[in-house]
Amino acid sequence: MAFDIDHFRVKPDEQLDLSELDPGDTPFWDADHKKEGRERLLELNDRLEELQELLWANGQERVLVILQAMDAGGKDGTIRHVFDGVNPSGVRVASFKRPSSRELAHDYLWRVHMEVPGDGELTIFNRSHYEDVLVVRVEGLVPEKRWEKRYDHIVAFEQMLADEGTTIVKLFLHISKAEQRERLQARLDEPDKNWKFDPGDLVTRVKWDDYQEAFQDALSRTSTASAPWYVIPADRKWYRNLAISEILIQTLEALDMSYPAPAEGLDEITIPD
Ligand code: AMP
Ligand code: MG
C-alpha cells in the first residue's frame with residue numbers, strides 16, 4: 001500500500017490528543033512484516049541518497065528537519081538509520097543541549113537561527129527551539145507569561161524561513177511510557193549502552209503526563225502549511241525509520257529539483273593526455 005504521508009500530519013486547525021494515537025501502530029504496513037520493512041528501508045536509503053545528492057547539486061533549496069521526542073524516543077537512531085548513506089558534505093546535524101550561559105544571555109532563537117541550513121543543505125535539528133516550550137514550560141525555567149508568547153514567535157520565525165526558501169519538516173517520535181521504560185532499562189543493563197543512561201531522564205519520566213500535554217500544545221499550535229508537524233508511531237524502530245524515510249522522500253520529491261544545466265560545449269572537450 002502506498003504511504004499517504006498526510007495521515008501523520010497535524011492539521012493546522014487541529015487540537016491534537018496524543019493519547020488517541022497508538023505509538024505501536026504501523027499505518028500502510030503489515031506489523032508482522034518487519035523483515036520486509038527492513039529490506040524496504042534499504043531501498044529508501046538509496047532513494048534519499050539520490051535526492052540529497054540532487055539537493056546539493058541543484059544548490060537552490062534549503063531543507064530543515066526537526067526531531068523532537070521524549071528521552072529514548074529514538075532521535076539518535078533515526079539519524080543513524082534514516083540518513084545512512086547520505087553525503088556528509090551537504091548534511092549537518094545540530095544538537096541543542098542545555099543552553100550555555102552565553103546562549104542564555106540572548107533570546108532563545110539566537111542560537112537556533114545560526115544553525116539553519118544554507119543553499120543546497122539539509123540540516124537535522126536534534127532537539128530545537130521547541131525545548132523552549134517543552135522542558136522550559138514543564139520545569140518552569142521561565143515564567144508562563146514569557147513561554148506563552150513563544151508559540152506565536154515560533155510560527156512567525158518558521159514562516160520567515162519558509163518564505164525565504166527553506167522547506168521545513170517537523171517530526172515528533174511518539175513512544176509509549178512502557179517502551180521508554182524498556183529502553184531506559186536496556187541502557188542500565190547493556191554495558192555498551194551504559195553511556196547513554198542519564199539519571200536526569202528519570203526525573204523527566206516522572207513528569208510524563210506534563211510533557212505529553214506540553215508536546216500536544218506545541219504540536220497543535222505550531223503545525224502550519226509551511227512547517228507541518230508529523231506524529232510518527234515510534235515504538236517499533238523499524239517502522240519509525242520507514243515512515244520518516246517516506247515523509248522525507250516525498251517532501252524532497254515535491255521540490256521537483258533538477259541537476260544544473262551542463263556548461264555549453266562539453267561534448268567538444270577532449271581531456272588532454
Ligand atoms: P540529550 O539530548 O540527551 O543530550 O539531552 C539534552 C538536554 O538538554 C535535554 O535534557 C534537554 O531537555 C536539554 N535542553 C535542550 N534545550 C534546552 C533549553 N532550551 N532549555 C533547557 N534545557 C534544554
Ligand atoms: Mg538524554
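Numbering of ligands and ligand atoms starts at 1, following listing order.
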Q: For Asp132, take its heavy atoms, then give the atoms of ligand 1 lying under 4.0 Å from any of them.
A: 19 (N)
Q: Going by heavy-atom distance to atom 12 (O) of ligand 1, choose the closest among Glu131, Lys196, Lys75.
A: Glu131
Q: Regarding Ser128 and Gln68, is there a side-chain donor-to-acceptor distance under 3.5 Å anywhere?
A: yes
Q: Side-chain donor-acceptor pair under 3.5 Å between Thr78 and Arg240, yes or no?
A: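 Looking only at side-chain atoms, Arg240 and Thr78 do form a donor-acceptor pair, the distance falling under 3.5 Å.
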Q: Report the part of Asp201 in contact with ligand 1, treating N, CA, C, O as backbone and CB onward as side chain, heavy atoms under 4.0 Å; options are side chain, backbone, both, neither.
A: neither
Q: Among Val138, Val135, Val136, which one puts a heavy atom closest to atom 23 (C) of ligand 1?
A: Val135
Q: Name the orientation class of the two ring planes belonging to Trp29 and Phe3 (parallel below 30°, tilted from 30 to 60°, perpendicular beyond 60°).
A: tilted
Q: To which of Arg111, Glu103, Arg98, Glu139 does the heavy atom nearest atom 16 (N) of ligand 1 belong?
A: Arg111
Q: Taking atom NZ as the centre, does Lys11 end up with more than 12 heavy-atom neighbours from other residues, nucleotides or ligands that are less than 6.0 angstrom away?
A: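 Check passes, neighbour count above 12.
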Q: So which bit of Ser95 gets within less than 4.0 Å of ligand 1, heavy atoms only: side chain, backbone, both or neither?
A: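 For Ser95, no heavy atom sits under 4.0 Å from ligand 1.
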Q: In terms of hydrophobic clusters joined by side-chain contacts under 4.5 Å, are Ile168 and Ile79 together?
A: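 Ile168 and Ile79: separate clusters.
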